[in-house]
Every structure is written in C-alpha cells, then in structure tokens.
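Taking it in order: structure first as structure tokens, then the write-up.
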2 protein chains.
Amino acid sequence: MNDESEHIDGRKARGNRRRAEIIDATLAIVTRDGAAGVTHRTVAKQAGITTSLSTYYFATLDDLLVAALSSVADTYTTCIRQIIDGPGDKLRGLAELIAESAGPGRERALAERELSTLAARRPALAPVARRWRENIAELAATLTDDPEAIAALVAASDGLCTAILIDNAPADTDYVRRILTRAIHAHRDTVVS
Amino acid sequence: MNDESEHIDGRKARGNRRRAEIIDATLAIVTRDGAAGVTHRTVAKQAGITTSLSTYYFATLDDLLVAALSSVADTYTTCIRQIIDGPGDKLRGLAELIAESAGPGRERALAERELSTLAARRPALAPVARRWRENIAELAATLTDDPEAIAALVAASDGLCTAILIDNAPADTDYVRRILTRAIHAHRDTVVS
DNA sequence: TGATTACTTGAACGATAGTACAACTAGAAC
DNA sequence: GTTCTAGTTGTACTATCGTTCAAGTAATCA
C-alpha cells in the first residue's frame, strides 16, 4: 500500500497495482459465485472499473483465471514455506493452515478448490494447480523418507480441506493434527478383511 | 434396455427413460466440458432432442444439475454398499473403487468432483454431495470404532481420488490400499517437530 | 513545451444463454 | 370413433456473454 518507488516507474507501478486489484476482484467473485461467475463484466464491476479495462490487462478470460489461481497458489506456497523453514512443529503448522479453511482462510481455500477443479480441463491451469500438492509433499519430505507416507499426508491434507469446506467438518487444530499424524506414521499392524 | 412393463404404463415409462437419457447426456457434458458447459442446449444436443424437451423434464438448470449429481451419488452408493455387504476385503474393495478413477471410472469421478464443488454454493446440492463421504464413513465404521480413524479414512479416500484425477497420481490398487490402511490404523508413536 | 506511451473509456458486434409458449403428435381411456 | 393428456417441436424474447475498437486522458520523456 505504500507508494515508494512510484517515482522510479510510476506507470508500471500503477499497472501492477491494477492487475492486483483485478485479481483480487476475481477471487472475490470466485468465492461468492464460483468460477462460473467470473466474467469480464462481473470482475470489472467488482473492481469498480470498466469492462474494457479488465480485458486490457487480461485479454482473455483464461488469462484472468490462470492469474487468479496463480495468486492463490503463491499465497499458499509462501505459507507452507514459512512452516517448512520455521522452527516449530511442522505438522502442527500444517494443521493450523488446514484448520483456517473453516474461518478466515475459507475464501482462499474455496477459490483454490474451485480453480483446481477447473484445472482438470484447462491445461494452462494444471501446473499451477499442482503446486499446492507439491508444497505439502515438500513439507512431508522433511518429516519422513517413506514416499507412501508422503503421499498419505498429501491425501489426508487434501481430504481434510474438502471435509471442512464441503462438509463443514470440525476444524480443530489438534484434531486435524492427529489425523495428519496417522497418515505420516508407518503402521505396525495389518488388517485383513 | 428391456421394454417390460411398457404395457402397464407406457407414458410414464417413456418419460422416465427420457429423464435418464437426459441425465446421462448431462453427465457426458460435465465430463467433457465441466459443469460450466451444462446448458439446456448442449444437453439437448448431446441427447439428440430439442432444447424445449430438456426444459420440459427439468424446468431449471439447477433441477438438472441436482438430478445429475444424485445419479452419480446413487451409483457410488450402490458400489460402496456392495463392498460393505460383500464377503471380501472391504478396504481392498474401496481401493479398487478409488483406483478405477484413473480408468473406466474417471468420467464418473470427475463429474462427482465437479458437481461437489458446485455444491459448496448451491444449497440444493449439498445434501447429495455429502452422501459420498457418508458412504465411505459407513464402510469405515465396519472396520473400526475410532471416529478419528473413520474421519482419516474418508479424508484419505477423498485425497487419493483428487490425486488421481487432478495430479494423475499412480492408481495401483495395492498402493491405494496401503495408503488407506495407514489412515485407519491407530498409530503407536508420536512425532514431535 | 510537444511527443510519447500507458492507461482508460463508452459503445458496439455477433454469439449464446435461460426460458416461455403456442402448436403438433401419439398413445391411453372411454 | 372421440377425448384427453403426456410428450414433443419450432420459434422467439430478452439478457448477458467475450471481445473489439476508435477515441480520450494523463503521466513521462526529450
């Protein structure tokens, strides 16, 4: 929000700010009405600009959706990297991040799911959508070497987010952490039938 | 496909057949183009009927989407119930069902995810979307009494499906079963940091 | 200063959307 | 047969869509 460096290249700075505004507006629409509600017109109205200005920065709707998903993915990447590089209990950090999907992070999580689903059909979105899982896998890799344990933790994280978002499942951090712990731990028994 | 009982009430039978055809066409569209591609016109074209006939059976698009999701959910419910009531290894049966999402069941699974995502915003779809998770939970309840183990298995199942659908993760039945086993087993250790 | 460039606007084009509706068909009931 | 009704069609209305474009504004540069 601070206007430093505006003297250096004021035009570019203004343009980037506009881009960010439009992306924010897009995410607000995705959160409220789903990815299907994203049109140049709804986004422009949300951002308080004209429709043509939206197409000026994002020529096609796909460009806009890719940029929006990238923005969400970037946020998650930053969060997870902080957990990885931080000192504390990484599994607990992840559990907190997941539990946030029930509260302040619901918008972001919902937008991420919406756009990830879109990614199954739009190749341009696929690599961006993959980032979230890769980040979780990277975090898991700091806790174990077992590739199946890593896959299990990624699956559990994803499934817990879905449960919270779609099913309004309980989102207590300790509870989430306990379920994540199950996934990453090697089991000792084998269940038959 | 057999035309028995057509004498009894030919009109109603014909109508039900049409409804089923339209729902099938809708699922084909959802699979190919996503839920966003579902319009009365595209569905009608896919089903080989006129647009007005589609609106005759499903007055609004929401009705159509609810019916389509219900159909998918019914199929899954039947599958899972067969696994529950069957004699074999239930966890393996579930693993097979999930692994099918990479092959013959991909359409169905993709449609289910697409419509579930839609359910986060359309209240009419929410209870239907919940059914899949409830079925898995019911299966899990035959294997354990621990509610957290049940939640863990549901989350793992959901996350594995996502991994297969979005990430093209490996879908070997044994592999899936091993990861599911992790979730449902009580852990013996506790990991700190 | 004028020239340049990024930014912004309003209007418009063709395409497609949801939905409504009057007319037509065909099988069931009498 | 006639009547009735579920099924079916073609057409059309209005709204919104993505996208384009010529014209206008304002910040920067020489």
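Keep in mind that what you see is a predicted model, and the values were worked out from it rather than measured. All chains are named by letter (A, B, ...) in the order of the sequence lines, taking the proteins before the strands, and each is independently numbered beginning at 1.
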### Message
Whether B:His40 contacts C:dT19 is assessed here as follows: a side-chain N or O lying under 4.0 Å from the phosphate OP1 or OP2. Is that the case?
### Response
yes
Is the distance from OP1 or OP2 of D:dG7 to the nearest side-chain N or O of B:Tyr56 less than 4.0 Å?
yes
Between CZ of B:Arg17 and P of D:dA6 the distance, given in whole Å, is 17 Å
Side-chain N,O (B:Ser52) to OP1/OP2 (D:dT8) below 4.0 Å
no
Does B:Ser101 use its side chain to pair, donor to acceptor, with the backbone of B:Cys161 at less than 3.5 Å? no
A:Arg108 to A:Tyr76, cation-pi by 6.0 Å centre distance and 45° axis angle:
yes
Check your understanding: So A:Asp172 and A:Arg177, salt bridge (Lys or Arg N to Asp or Glu O under 4.0 Å) or not? Walk me through it.
Key -> CA-CA 9 Å; A:Asp172 175 61; A:Arg177 189 190 182 287; over 6 Å; no
B:Asp33 CG to C:dA17 P, in whole Å, measures 11 Å
| Hey, is CD on A:Glu107 packed in by over 12 heavy atoms from elsewhere, all under 6.0 Å? | no
- Taking only the side-chain nitrogens and oxygens of B:Arg18, find out if one of them lies under 4.0 Å from OP1 or OP2 of D:dT8. yes
Ignoring hydrogens and angles, tell me if any N or O in the side chain of A:Thr75 forms a donor-acceptor pair with the backbone of A:Ser71 under 3.5 Å. yes
- Give A:Val43 one of three labels, base, sugar-phosphate or nothing, depending on what nucleic acid heavy atoms sit under 4.0 Å from its own. nothing
Against the side chain of B:Leu61, the closest entry in C:dG10, C:dG18, D:dT9 is C:dG18
_Short side-chain N/O contact to C:dT8 OP1/OP2 from A:Tyr57, under 4.0 Å_ = yes
Rounded to whole Å, the NZ-P distance (A:Lys45 to D:dT16) equals 9 Å
_Just N and O in the side chain of B:Thr39: are any of them under 4.0 Å from OP1 or OP2 of C:dA17?_
yes
Under 4.0 Å, heavy atoms only, any strand: does A:Thr51 hit a base, just the sugar-phosphate, or nothing? base
The answer to which of B:Phe58 and A:Leu53 contacts DNA chain C further toward the 5' end, by nearest nucleotide, is A:Leu53
(message) With a 4.0 Å cutoff (strictly under), does any side-chain N or O of A:Arg41 reach OP1 or OP2 of D:dA15?
(response) no
